[in-house]
Enquirer: 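The structure that follows is given in the form of structure tokens.
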Amino acid sequence: AAPRYLLKDSGGHIALYTADGPSARLATYDDLYTRLPARKRRLSPAAGVFVADEAELQRRLEDYGL
């Protein structure tokens with residue numbers, strides 16, 4: 001199945017978009033920073049991370065500290 005979401009850097013914070021791309025932002029997590037070294041390894045600010053479904057989204061957000 002095609003991914004439903006995209007997690008990507010937005011001004012140093014993790015932002016959630018539809019899989020269609022950055023023009024369709026759903027949320028920005030102001031308390032989750034992408035510039036911390038451990039998070040930079042897991043989230044490429046340029047490419048982002050595609051997420052298949054709600055369960056994977058929840059797991060990834062927990063990984064980032066939410």
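Note that the structure is a prediction, hence the values are computed from the model and not measured.
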Enquirer: Is it true that E54 and Q58 share a donor-acceptor pair across their side chains at a distance under 3.5 Å?
Expert: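 Q58 vs E54: no donor-acceptor pair found between side chains.
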Enquirer: Identify the heavy atoms of P3 and A19 that sit nearest to each other, and give their distance.
Expert: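 Heavy atoms of P3 and A19 come nearest at O-CB, 3.1 Å.
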Enquirer: Give, for atom CD1 of I14 and atom NZ of K8, the distance between the pair rounded to the nearest 0.5 Å.
Expert: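 Those atoms lie 13.5 Å apart.
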Enquirer: Which distance, rounded to the nearest 0.5 Å, do you find between the CG of D9 and the CG of L32?
Expert: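 Rounded to the nearest 0.5 Å, the CG-CG separation comes to 12.0 Å.
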Enquirer: In the structure I gave you, are the side-chain heavy atoms of Y17 and S23 within less than 4.5 Å of one another anywhere?
Expert: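 Not touching, per the 4.5 Å side-chain cut-off.
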Enquirer: Can Y64 be reached from L6 by stepping across I, L, V, M, F, W or Y side chains whose heavy atoms are under 4.5 Å apart?
Expert: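 Result: no, two separate clusters.
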Enquirer: Who passes side chain to side chain contact (heavy atoms under 4.5 Å, CB included) against T18, sequence neighbours left out?
Expert: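 Testing T18 for side chain to side chain contact (heavy atoms under 4.5 Å, CB included), a comparison that skips the adjacent residues, returns D20, A24, L26.
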Enquirer: Work out which heavy atom in T28 is nearest to a heavy atom in H13; give both atom names and the distance.
Expert: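 Smallest heavy-atom distance, with atoms named: CG2-CB, 4.2 Å.
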Enquirer: With sequence neighbours left out, write down each residue that passes side chain to side chain contact (heavy atoms under 4.5 Å, CB included) with A27, or none if nothing qualifies.
Expert: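 By the side chain to side chain contact (heavy atoms under 4.5 Å, CB included) rule, A27 matches L16, Y29.
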Enquirer: Going by the rule side chain to side chain contact (heavy atoms under 4.5 Å, CB included), which residues pair with E56 if we only count those two or more places apart in sequence or in a different chain?
Expert: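 Scan of E56 (side chain to side chain contact (heavy atoms under 4.5 Å, CB included), adjacent residues dropped) gives V51, A52, D53, R59, R60.
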Enquirer: Taking a hydrophobic cluster as the set of Ile, Leu, Val, Met, Phe, Trp and Tyr residues connected by side-chain heavy atoms closer than 4.5 Å, whether directly or through intermediates, do F50 and L7 fall within one such cluster?
Expert: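 No, F50 and L7 fall in different hydrophobic clusters.
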